[in-house]
Engineer: 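Submitted below is the structure of interest, expressed as C-alpha cells.
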Amino acid sequence: MISENPFAEFRLECQNSLGDALQKLFPEIQIARLALEKPPNPEFGQLASSLCFELAKQVSEKPPALAKRLIETLDRSKFSLIERVVAAGKGYVNFHANLALFSALTIDSVRHFDTEYGFIKTAKSLKIIVEHTSVNPLHPIHIGQARNPMLGDAIARLLKSRGHNVYRHYYVDDVGRQSAVLAYGYEKLGKPKPEGKPDHFMGKIYTITSCLVEINRLKKDLERAKTASSTEEITEINRELDDLMSAVSELNVRFPELFEELLEKIRGDKDPENAVNELNRGYEAGDEKAKQIIRKVSELCLQGFRNTLSRAEVFYDSWDWESELMWSSQVRKALDKLKRTAYVFPIGGVLEFNAEKVAQEFGLKKKLGLRESYEVPSLTLVRSDGTTLYPTRDIAYALWKFEKAEKVINVIGMEQKLPQLQLKIALHALGYDNYADNLIHFAYNLVSLPGHKMSSRTGRYITFDEVMDEAVKRAYEEVSKRSPQLPEEEKHKIADFVGMGAVRYALVEVDPSKPVVFTWDRVLNFETNSAPYIQYSHARACSILRKAAREPEKPAFNLLKEKIEREIIMTLASFPDTFVEAAELLKPNLIADFANALADKFNTFYNAVPVIKAKPQELSDARLALVDAVKMVLRNTLNLIGIVAPERM
RNA sequence: GGGCCCGUAGCCUAGUCUGGAUUAAGGCGCUGGCCUUCGGAGCCGGAGACCGGGGGUUCAAAUCCCCUCGGGCCCGCCA
C-alpha cells in the first residue's frame with residue numbers, strides 16, 4: 001500500500017471513526033469539524049481529540065466519562081491504521097497508530113514517490129506571478145535586500161511544487177530621479193568602463209553623486225530658509241546636511257580617487273540639481289540621449305545582479321522594465337482610465353487619487369483589514385511637471401501582470417504597505433475587484449545593521465556579494481580542516497554550496513515579519529540548525545546507502561521499534577502536511593524548520609543504532625529503507641528552499 | 001496625532017492565523033559525559049524563560065479581546 005500523504009490516511013481514519021461514534025451516540029449533535037491535534041507526547045498516541053470538552057457542556061456529562069463512552073462506541077472492525085484508542089487526561093481521546101503498518105505505508109510511499117514525495121498538488125492550478133527582488137539598478141544588492149530574493153524564490157519553488165504555473169518577475173525600476181542621479185554622475189566621469197563588478201562600481205558612483213547633489217540642493221534650500229528666517233526649517237535642513245556631510249567624509253576615505261574626480265566634475269556644474277531633473281524628464285519622454293545613458297547604467301547594474309543572484313541559485317522568467325511600461329503608453333492609459341473615475345482630483349498643480357473615498361464607497365475597509373476610523377491617505381499620481389510617480393506606474397504594472405496571470409504576489413518590504421494598499425484600492429476604483437482580491441503583498445521586515453539601518457543612499461550597507469564571499473571562505477576553511485585529503489577543486493565545490501546554503505538558510509529560516517539585525521554569526525553558522533547541518537545529514541545518509549551497496553530486499557518494518565525510529569517515521573509521514581501548509585500560507589520557514597527537525601532526528605538515530613550491521617538482515621533492510629526515505633525527504637526540503645543536497649561533503 | 005509590524009531563558013529563534021494534556025521546543029553561549037561499529041559539520045546529560053506588563057473571555061490562553069510599556073516602520077510633487 002502506498003499513499004501520497006500517509007499521515008492524512010491515518011487522520012482520515014481517526015476522523016471517520018470518531019465521527020461515526022459521535023453520530024451513533026448523539027445523533028442530534030452537529031460538530032462542524034472534527035479537528036484532531038498532535039499530542040505533546042508520543043505516549044498519548046499520534047493524534048488526539050479534545051472534542052469531549054466541548055461536548056461535555058452540551059450533553060452535561062463529564063469529559064472523561066464521555067471520552068470513555070465514545071471510545072466504546074467506536075467500530076473496531078473498520079480499524080486499519082489505528083491500533084487502539086484510549087481515553088486519557090481530563091477527557092482526551094487518543095488514537096494510537098498501528099506502527100508496523102504505518103511504517104510500511106510511510107517508507108514505501110516516500111520511496112515510491114521519491115522526488116515528488118510531499119508535493120501534494122493543488123486542486124486548482126493557477127497562473128501565478130511572483131515579483132521579487134526588484135532592487136533598483138543603482139548599487140549592488142545589499143544584505144537587507146537579499147532577504148527578498150531568498151523569500152521570493154522559495155515561495156516560487158513552493159508554489160511550483162504545489163502544481164501552479166509560476167512566473168518569476170524582476171521589476172527593473174529604471175524610471176525616477178535616482179536613476180538620473182547615477183546616470184548624471186556616470187556621464188560626468190566620461191562613461192568609464194567599470195572597474196571590478198559593474199554593480200559595485202555603479203554603487204560607488206551613485207552614492208557619491210547622490211550625496212554631492214543632495215548637499216548642493218540642501219545648501220540652496222538653507223539660503224532660502226535663512227532669508228525667510230524659518231528656524232524650524234533651518235534646523236531640519238542642518239540635521240540632514242550633517243548626516244550627508246558625515247556620509248561624504250566616509251566616502252572620501254573609502255574611495256578617494258573616484259570621490260575627488262566626481263567632486264571636481266560636479267563642482268564645475270552650475271546647477272547639478274537641474275541637470276538631474278532634466279535627465280529624468282528626458283527619460284520619461286523617451287529622449288534618445290537620456291535613454292542611452294540611463295539604460296547603460298541600469299544594464300551595468302543588472303549585469304552584476306544576474307551574477308550575484310545566479311550564485312545564489314535565483315533565476316527569473318522575466319525582467320520587466322518600468323520604462324518600457326511607460327513608453328508603451330500603458331501608464332498613460334491606466335492613468336486616463338483612473339481619471340475618468342470620480343476619485344481623481346487636481347490640487348495645487350498635481351493630480352491626486354482619493355483612496356479614502358474609494359475605500360468608503362466600495363466598503364473596502366473591513367475587507368482590507370482597516371479600522372473604519374482609519375483614513376487612507378490620498379495618493380499623488382502626477383507631479384506638477386507632468387511626470388508620473390512610482391505608485392502610478394505600479395498601477396499600470398499590476399494591470400499588465402493580471403493580463404498574464406490570475407494571481408500576483410509582490411514580495412516587497414513592509415515599509416511599502418501603504419502604497420501597496422493604495423494600489424489595491426486603485427484596482428477596485430478601476431473596477432478590477434478580481435485583480436485586487438488576487439493581489440498579495442508579501443511583506444517582510446527590515447534587516448538592519450547593529451545601531452542603524454542600511455542605507456544605499458549614504459553607502460552604509462553590506463553587500464550580498466560580500467556576505468556570500470565570506471560564507472564561502474569560511475566554508476572553505478572548514479572543509480580544509482575536516483577533509484584535507486580532498487583535491488582543491490573538490491574543496492572549492494563543497495565550500496561553495498555549503499557557504500551559499502548557510503546564507504540562504506539563515507535568511508529563510510526567520511519569520512519574514514520579524515525585524516532582523518544583521519550579524520555575521522547569523523549567516524556563518526555551520527552547526528546544528530543550519531544548512532550545512534542538514535546537508536551533512538543528507539551526505540551521511542547517502543554514505544550509509546553507498547556503503548551498504550545493496551537494495552533492502554526484505555525489510556521487516558515491524559522490527560523498527562525504537563522510539564527514535566517511530567519519531568522519524570511520523571516526521572516523514574507528516575511532510576506532505578507541512579508542505580501544503582507552507583505553500584498555502586507562503587511560509588518557507590516552515591520547510592526550513594522541518595528540514596532541521598528531521599536532520600536532528602536522523603542524527604540521533606544514526607548515533608543510537610547500527611544500520612548496515614543490524615541483525616537480523618530484515619531489520620537492517622528496514623533501517624536501510626528508512627535511511628533512504630530520510631535522504632529523499634531531506635533532499636526534497638532542501639530543494640524547496642534552493643539549497644544543494646550533496647552526496648558527499 | 002493616526003496606522004502597521006515586532007517583544008518568548010544571557011543572546012538568537014520555533015510555537016500565535018486554526019486556544020488544549022502534570023515537562024513552553026530548539027540553537028548559540030555556560031557546563032558534565034561519548035576519545036566515535038555506518039563520516040565528530042555528530043550524539044547523550046545539566047543549569048537557564050512562567051511567554052514585555054496588566055486586565056478580560058474560556059472547562060482550558062504564549063495563542064483570542066481590551067488597556068499599557070518598549071523597539072521598528074509608514075503617513076513625500078522619493079522609490
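Here the structure is a predicted model, which is why all the values come from computation and not from measurement. Note: hydrogens, waters and symmetry copies are ignored here, and every other heavy atom, side chains too, is used. Numbers restart at 1 for each chain; the letters A, B, ... are given by sequence-line order, proteins then strands.
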Engineer: Between B:G53 and B:U8, how far is it from one P atom to the other, in whole Å?
Structural biologist: 10 Å
Engineer: Starting from P on B:C75, measure out to CG on A:Leu370 and report it in whole angstrom.
Structural biologist: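 From A:Leu370 CG to B:C75 P: 16 Å.
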Engineer: Within the structure shown, what part of the strands sits under 4.0 Å from A:Gly91 by heavy-atom distance: base, sugar-phosphate, or nothing?
Structural biologist: nothing
Engineer: Please name the nucleotide paired to B:C64 by Watson-Crick or G-U wobble geometry with both distances under 3.5 Å, or report none.
Structural biologist: B:G56
Engineer: Just call it for A:Val498: base, sugar-phosphate, or nothing, with non-hydrogen atoms closer than 4.0 Å on any strand.
Structural biologist: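 Here A:Val498 touches the bases of the nucleic acid.
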Engineer: Sticking with atom P, work out how far B:C11 lies from B:C5, rounded to a whole angstrom.
Structural biologist: 25 Å
Engineer: Give the nucleotide from the list B:C17, B:C6, B:C12 with an atom nearest to the side chain of A:Leu585.
Structural biologist: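 The answer is B:C17, which lies nearest to the side chain.
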Engineer: Provide, to the nearest angstrom, the distance between the CZ atom belonging to A:Phe353 and the C1' atom belonging to B:G76.
Structural biologist: 18 Å
Engineer: Nearest-Å distance, CG (A:Leu524) to P (B:C12)?
Structural biologist: 17 Å
Engineer: With C1' as the reference atom in both, quote the distance from B:A62 to B:C50 in angstrom, rounded to an integer.
Structural biologist: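 Taking atom C1' in both B:A62 and B:C50, they lie 10 Å apart.
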Engineer: Across all strands, who's sitting opposite B:G42 as a Watson-Crick or G-U wobble pair, both distances under 3.5 Å?
Structural biologist: B:C34
Engineer: Below 4.0 angstrom from OP1 or OP2 of B:U13, is there any side-chain N or O of A:Arg522?
Structural biologist: yes
Engineer: Ignoring the backbone of A:Ser513, work out which of B:G39, B:C12, B:C6 is nearest its side chain.
Structural biologist: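 Taking heavy atoms from C-beta onward, the closest nucleotide is B:C6.
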Engineer: Hey, could you give me each pair passing salt bridge (Lys or Arg N to Asp or Glu O under 4.0 Å) that has a residue in residues 490-500 of chain A? Not counting sequence neighbours.
Structural biologist: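 Only A:Glu488-A:Lys491 qualify under salt bridge (Lys or Arg N to Asp or Glu O under 4.0 Å).
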Engineer: If you only use heavy atoms from C-beta on, which nucleotide in B:C74, B:C43, B:U37 is closest to the side chain of A:Leu418?
Structural biologist: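 Of all the options, the side chain of A:Leu418 is nearest to B:C74.
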Engineer: Touch check for A:Asn41, heavy atoms < 4.0 angstrom, all strands: base, sugar-phosphate only, or nothing?
Structural biologist: base
Engineer: Between B:C75, B:G42, B:G15, spot the one nearest the side chain of A:Asn607, thanks.
Structural biologist: B:G42
Engineer: What's A:Ala48 touching, base or sugar-phosphate or nothing? Going by heavy atoms closer than 4.0 Å.
Structural biologist: base
Engineer: Identify whether any heavy atom of A:Lys453 sits under 4.0 Å from a base atom; if not, whether one sits that close to sugar-phosphate; answer base, sugar-phosphate or nothing.
Structural biologist: sugar-phosphate
Engineer: Students often get this wrong, so: under 4.0 angstrom with heavy atoms, is A:Val627 touching a base, only sugar-phosphate, or nothing?
Structural biologist: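 Nothing, no nucleic acid heavy atom in range.
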Engineer: Distance-only, no hydrogens or angles: does the A:Ser455 side chain make a donor-acceptor pair with backbone N or O of A:Thr458 under 3.5 Å?
Structural biologist: yes
Engineer: Which nucleotide sits closest to the side chain of A:Tyr536: B:G39, B:C43, B:U37?
Structural biologist: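 Of the candidates, B:G39 comes closest.
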Engineer: Report the residue (A:Glu415 or A:Gln178) whose heavy-atom-nearest nucleotide on RNA chain B is the more 5′ of the two.
Structural biologist: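 Nearer the 5' end of the strand: A:Glu415.
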Engineer: The side chain of A:Val510 is closest to which nucleotide in this list: B:A41, B:C43, B:U13?
Structural biologist: B:U13
Engineer: With a distance cut-off below 6.0 Å to the six-membered ring centre and an angular limit of 45° from the axis, does A:Arg474 pair with A:Phe526 as a cation-pi contact?
Structural biologist: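 Because its charged atom sits under 6.0 Å from the ring centre and within 45° of the axis, A:Arg474 does stack over A:Phe526.
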Engineer: Please determine if a side-chain N or O atom of A:Arg383 lies less than 4.0 Å away from the OP1 or OP2 oxygen of B:C78.
Structural biologist: yes
Engineer: Once hydrogens and angles are ignored, does a donor-acceptor distance under 3.5 Å link the base of B:C77 to the side chain of A:Ser384?
Structural biologist: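 When only heavy-atom distances are counted, A:Ser384 does reach the base of B:C77 through a donor-acceptor pair under 3.5 Å.
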Engineer: On a plain distance test, is the side chain of A:Asp593 in donor-acceptor contact with the base of B:A25 below 3.5 Å?
Structural biologist: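 When only heavy-atom distances are counted, A:Asp593 does not reach the base of B:A25 through any donor-acceptor pair under 3.5 Å.
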Engineer: Starting at CD of A:Gln535 and ending at C1' of B:G40, how long is that distance when rounded to a whole Å?
Structural biologist: 17 Å
Engineer: Quick check: A:His132 with A:Tyr170 (ring centres under 6.0 Å apart)?
Structural biologist: no
Engineer: Would you indicate what A:Pro39 reaches in the nucleic acid, counting non-hydrogen atoms under 4.0 angstrom: base, sugar-phosphate, or nothing?
Structural biologist: base
Engineer: Between B:G27, B:U37, B:C4, which nucleotide has the shortest distance from any of its atoms to the side chain of A:Asn525?
Structural biologist: B:G27
Engineer: Counting only side-chain heavy atoms from C-beta out, which of B:G40, B:C5, B:A21 sits nearest to A:Tyr606?
Structural biologist: B:G40
Engineer: In terms of ring plane angle, is the pair A:Trp520 and A:Phe518 parallel, tilted or perpendicular, where the classes change at 30° and 60°?
Structural biologist: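 A:Trp520 and A:Phe518: perpendicular rings.
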Engineer: Can you tell me if A:Lys514 touches the phosphate of B:C12, counting only side-chain N or O atoms and a distance under 4.0 Å to OP1 or OP2?
Structural biologist: no
Engineer: Quick check for you: among B:C75, B:G15, B:G40, whose closest atom lies nearest to any side-chain atom of A:Lys587?
Structural biologist: B:G15
Engineer: Could you give the distance separating B:A24 and B:A9 at their P atoms, to the nearest angstrom?
Structural biologist: 15 Å
Engineer: Is A:Arg540 close enough to B:G39 that one of its side-chain N or O atoms is under 4.0 Å from OP1 or OP2 there?
Structural biologist: no
Engineer: Considering only heavy atoms and no angle criterion, is a donor-acceptor pair shorter than 3.5 Å present between the side chain of A:Glu509 and the base of B:C12?
Structural biologist: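 It does not, because no donor-acceptor pair links the side chain of A:Glu509 to the base of B:C12 below 3.5 Å.
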Engineer: By the 4.0 Å heavy-atom rule, please label A:Lys90 as base, sugar-phosphate, or nothing.
Structural biologist: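 No contact.
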Engineer: Which value, in whole Å, describes the distance between the C1' atoms of nucleotides B:G46 and B:U68?
Structural biologist: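 Roughly 38 Å separates the two C1' atoms.
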Engineer: Could you check whether A:Pro515 gets within reach of a base, just the sugar-phosphate, or nothing at all, counting any heavy atom under 4.0 Å?
Structural biologist: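 Answer is sugar-phosphate: A:Pro515 comes under 4.0 Å of backbone atoms only.
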Engineer: Does A:Thr604 make a side-chain N or O approach to OP1 or OP2 of B:C44 shorter than 4.0 Å?
Structural biologist: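 The answer is yes; a side-chain N or O of A:Thr604 sits under 4.0 Å from OP1 or OP2.
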Engineer: How is A:Asn94 classified with respect to the nucleic acid when contacts are heavy atoms under 4.0 Å: base, sugar-phosphate, or nothing?
Structural biologist: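 Here A:Asn94 touches the bases of the nucleic acid.
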Engineer: Check this for me: does any side-chain nitrogen of one of A:Glu214 and A:Arg217 sit under 4.0 Å from a carboxylate oxygen of the other?
Structural biologist: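 Salt bridge flag = yes for A:Arg217 with A:Glu214.
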Engineer: Classify A:Tyr533 by what it touches in the nucleic acid, base, sugar-phosphate, or nothing, heavy-atom distance under 4.0 Å.
Structural biologist: sugar-phosphate
Engineer: Considering only the C1' atoms, how many Å lie between B:C12 and B:U23, rounded to the nearest integer?
Structural biologist: 23 Å
Engineer: Report which part of the nucleic acid A:Asp511 touches: base, sugar-phosphate, or nothing (heavy-atom distance under 4.0 Å, all strands).
Structural biologist: sugar-phosphate
Engineer: Looking at every strand, decide which applies to A:Ala597 at a 4.0 Å heavy-atom threshold: base, sugar-phosphate, or nothing.
Structural biologist: nothing
Engineer: Output the rounded distance in Å from CD1 (A:Ile412) to C1' (B:C73).
Structural biologist: 15 Å
Engineer: Taking atom types as they are modelled, is there a donor-acceptor pair under 3.5 Å from the base of B:G39 to the side chain of A:Ser543?
Structural biologist: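 Answer yes: a donor N or O sits under 3.5 Å from an acceptor.
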Engineer: I want to check one thing: is the phosphate of B:C59, taken as OP1 and OP2, less than 4.0 Å away from some side-chain N or O of A:Lys62?
Structural biologist: no
Engineer: Need the pair for B:C17. Rule: Watson-Crick or G-U wobble, both distances under 3.5 Å, any strand; none if unpaired.
Structural biologist: none
Engineer: Give the minimum heavy-atom separation between A:Gln535 and A:Met649, together with the two atoms involved.
Structural biologist: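 Heavy-atom minimum between the residues: C-SD, 3.6 Å.
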Engineer: Base, sugar-phosphate or nothing for A:Leu389? Non-hydrogen atoms, less than 4.0 Å.
Structural biologist: sugar-phosphate
Engineer: Report yes if at least one side-chain N or O of A:Ser50 is closer than 4.0 Å to OP1 or OP2 of B:A60; otherwise report no.
Structural biologist: no
Engineer: When rounded to the nearest Å, what value does the distance between C1' atoms of B:C66 and B:C30 take?
Structural biologist: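 Taking atom C1' in both B:C66 and B:C30, they lie 41 Å apart.
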Engineer: Judged by atom type as modelled, is there a donor-acceptor pair below 3.5 Å linking the side chain of A:Asn354 to the main-chain atoms of A:Lys357?
Structural biologist: yes
Engineer: Under the criterion of centre distance below 5.5 Å and interplanar angle below 30°, is A:Tyr374 classified as stacked on the base of B:G2?
Structural biologist: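 No, A:Tyr374 does not stack on the base of B:G2.
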Engineer: Does A:Lys339 count as lying over the ring of A:Phe345, i.e. NZ or CZ under 6.0 Å from the six-ring centre, within 45 degrees of the axis?
Structural biologist: no
Engineer: Roughly how far apart, to the nearest Å, are B:G7 and B:C17 at atom P?
Structural biologist: 13 Å
Engineer: What distance separates A:Cys301 SG from A:Met202 CE, expressed to the nearest 0.5 Å?
Structural biologist: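 Interatomic distance, A:Cys301 SG to A:Met202 CE, rounded to 0.5 Å: 6.0 Å.
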